[in-house]
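Notes to accompany the following structure.
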Amino acid sequence: MTAVTRFAPSPTGYLHLGHAFSAWNAWIRARTFGARTVGGRFLLRLEDIDPQRCRPDYAAAIEEDLAWLGIDWDGPVRVQSRHLDEYQAALDTLQQQGLLYPCFCTRADIQREVATAASAPHGPDGAPLYAGTCRRLSPAQRAERIAAGERFALRLDMQAALRPGLSFHEEHEGRIPCHPERFGDVVLGRKDVPASYHLCVTHDDALQGVALVTRGADLKPATDLHRLLQVLMGWPEPAYAHHHLLTDASGRRLAKRDGAATLRALRTAGVAAADIIERFSRDPGRSAAASHLSIA
Ligand code: GLU
C-alpha cells in the first residue's frame with residue numbers, strides 16, 4: 001500500500017502549528033501504514049501565484065521549518081509561479097470548450113453591485129457570488145473592451161460547466177455529493193496572473209499523481225469545485241481526507257496572524273520538534289472534532 005500525498009502551503013507568512021499538523025498528516029500517510037513503514041511519496045508544493053502576498057523569505061522558511069520538524073519530502077519542490085504557462089494552457093482548454101468568459105469588473109464594481117442588490121447570495125468561502133454582469137456581454141462588446149486594453153479575469157460559466165451527479169471520495173466517509181454551483185461563476189484566471197488557487201491546485205494534484213489529498217477541513221467545500229474541474233479537464237480523481245483544524249486554548253482556530261504559534265517562535269522559546277510531533281501522533285483520530293492544543 002503506497003500513497004502519494006502532498007503539503008501545499010502558500011508562502012504568505014511563517015508556518016504555525018496548524019500548518020505543521022497538516023504537513024505531518026500528509027507526511028505520515030505517505031511514510032507509514034498502520035505500524036508499518038511504507039514507501040509512499042510525500043511532495044512539497046509552494047502555492048505562490050499571488051505576487052502581492054507571497055515572499056521568497058517565507059518560502060525558504062517553510063523548507064527550514066519542515067526540516068526542523070523532521071518532515072522530509074521527495075523530489076524537487078514544485079513552485080507554482082514558475083509554471084504559469086501550464087496553467088494558461090489549462091485555461092485555453094476550458095476556453096475551447098466555451099466554459100470561460102472575460103470579466104472586466106473591478107472589485108469596486110462588484111462591491112457596488114452587492115450593495116445595491118436586493119439580496120446577494122454568498123459562496124462557501126464567504127465571498128458574494130458574482131452576479132454575472134460580464135457573462136451577458138455580447139461577443140462584439142467583449143472584443144471591443146479587450147481591444148481597448150481593459151484588463152480582465154477569466155470566469156467559469158458555472159451553468160454551462162455543471163455536470164449532474166458529481167461526488168468525491170472522502171476517506172472514511174465514502175462518496176459525498178458535490179455542489180459546485182454554490183461557487184457561482186468563480187474566477188479561474190486572475191487579472192494579474194493566468195491562474196487561480198482552484199485551477200492550480202487541481203492541475204498540480206493531477207500532474208504530480210497525488211492520490212490522496214490531505215488538508216484542513218476549511219478546504220472541504222472547495223473540493224466540490226475541484227471535482228468539477230477534474231471532470232472538465234479529464235484529470236484523475238484523488239481521494240480526500242480533511243483533517244480537523246487545531247485551535248488554541250480559547251477554542252479559536254490557529255491563524256497566521258497569531259505570531260506566537262509559529263514554529264519559529266516555538267523553536268526560539270525552546271520547544272522541541274520531537275514534542276510537537278509526539279503531540280500530533282497522540283491527536284485523537286486526526287479527523288475527530290477539534291482538539292485543543294496548549295504549548296505553554
Ligand atoms: N495553498 C493552500 C493553502 O495554503 C492549500 C491548498 C490545498 O491543500 O489544497 O491554504
Side-chain angles (χ1 to χ4, degrees), residues 3-30 41-55 58-59 61-63 65-66 71 73 77-84 87 90 123-127 168-171 176 178 180 183 186-188 190 193 195-230 233 235-246 253-258 261-263 286-287:
V4 180
T5 65
R6 50 61 162 189
F7 176 51
S10 295
T12 56
Y14 293 118
L15 295 185
H16 57 57
L17 280 170
H19 299 116
F21 185 57
S22 213
W24 178 81
N25 248 291
W27 178 82
I28 196 77
R29 285 158 180 269
R41 284 172 60 74
F42 170 71
L43 310 176
L44 176 60
R45 183 163 80 221
L46 295 177
E47 302 208 327
D48 65 340
I49 58 161
D50 189 333
Q52 308 301 331
R53 297 178 60 228
C54 296
R55 284 181 16 192
Y58 289 141
I62 287 172
E63 296 194 25
D65 290 347
L66 290 179
I71 293 181
W73 55 91
V77 177
R78 181 171 169 91
V79 180
Q80 288 189 330
S81 60
R82 298 183 191 152
H83 299 278
L84 295 182
Y87 309 127
D125 50 6
F168 69 92
H169 183 256
E170 169 89 6
E171 252 197 353
I176 298 185
C178 289
F183 283 84
V186 71
V187 169
L188 293 185
R190 295 161 41 135
V193 282
S196 64
Y197 160 61
H198 298 299
L199 183 78
C200 298
V201 77
T202 42
H203 175 279
D204 286 358
D205 284 339
L207 179 82
Q208 299 187 286
V210 174
L212 175 63
V213 173
T214 66
R215 55 187 180 188
D218 53 330
L219 287 170
K220 188 166 175 173
T223 310
D224 293 23
L225 181 59
H226 298 174
R227 188 71 203 108
L228 175 61
L229 292 176
Q230 287 154 4
M233 292 298 297
W235 288 328
E237 178 189 5
Y240 287 89
H242 293 97
H243 59 77
H244 70 267
L245 302 176
L246 296 187
R253 180 182 147 188
L254 300 180
K256 278 183 181 155
R257 62 179 177 273
D258 302 325
T262 65
L263 296 175
R286 312 194 306 240
S287 52

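Numbering of ligands and ligand atoms starts at 1, following listing order.
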- Task: Could you tell me which atoms of ligand 1, counted from 1 in the order shown, lie closer than 4.0 angstrom to a heavy atom of Glu47?
- Result: 1 (N), 2 (C), 5 (C), 6 (C)
- Is there side-chain contact between Phe7 and Leu66, with at least one heavy-atom pair below 4.5 Å? yes
- Query: For ligand 1, which atoms have a heavy atom of Val201 less than 4.0 angstrom away?
  - Reply: 9 (O)
- Note on the structure: Rounded to the nearest 0.5 angstrom, the CG-OG1 distance for Asn25 and Thr5 is 9.5 Å
- Query: Is Ala8 in polar range of ligand 1, meaning some N or O pair under 3.5 Å apart?
  - Reply: yes
- A student checking ligand 1 against Ser10 at a 4.0 Å heavy-atom cut-off should list atoms 1 (N), 4 (O)
- Classify the contact between Gln80 and ligand 1 as side chain, backbone, both or neither, using a heavy-atom distance cut-off of under 4.0 Å. neither
- Begin from the C-alpha positions of His243 and Arg215 and carry the test side-chain hydrogen bond (donor to acceptor under 3.5 Å, both in side chains) through to its verdict. CA-CA 6 Å; His243 59 77; Arg215 55 187 180 188; over 6 Å; no
- For the pair Arg6 and Asp204, find out whether any cationic side-chain nitrogen is under 4.0 Å from an anionic carboxylate oxygen. no
- Item | Flag side-chain contact, heavy atom, 4.5 Å: Leu44 against Ile71 | no
- Going by distance only, is there an N or O of Tyr197 that falls short of 3.5 Å from an N or O of ligand 1? yes
- Task: Show which atoms of ligand 1 fall inside a sub-4.0 Å distance from at least one heavy-atom site of Arg6.
- Result: 7 (C), 8 (O), 9 (O)
- Message: Can you confirm whether or not the ring centre of Phe183 sits under 6.0 Å from the ring centre of His226?
- Response: no
- Query: Would you say the ring centroid of His19 lies under 6.0 angstrom from that of Tyr14?
  - Reply: no
- Message: Heavy atoms only: which of His242, His226, Arg215 lies closest to atom 9 (O) of ligand 1?
- Response: Arg215
- Task: Pick one of side chain, backbone, both or neither for how Leu219 approaches ligand 1, counting any non-hydrogen atom pair under 4.0 Å.
- Result: side chain
- Close approach of His19 to ligand 1, heavy atoms, under 4.0 angstrom: no
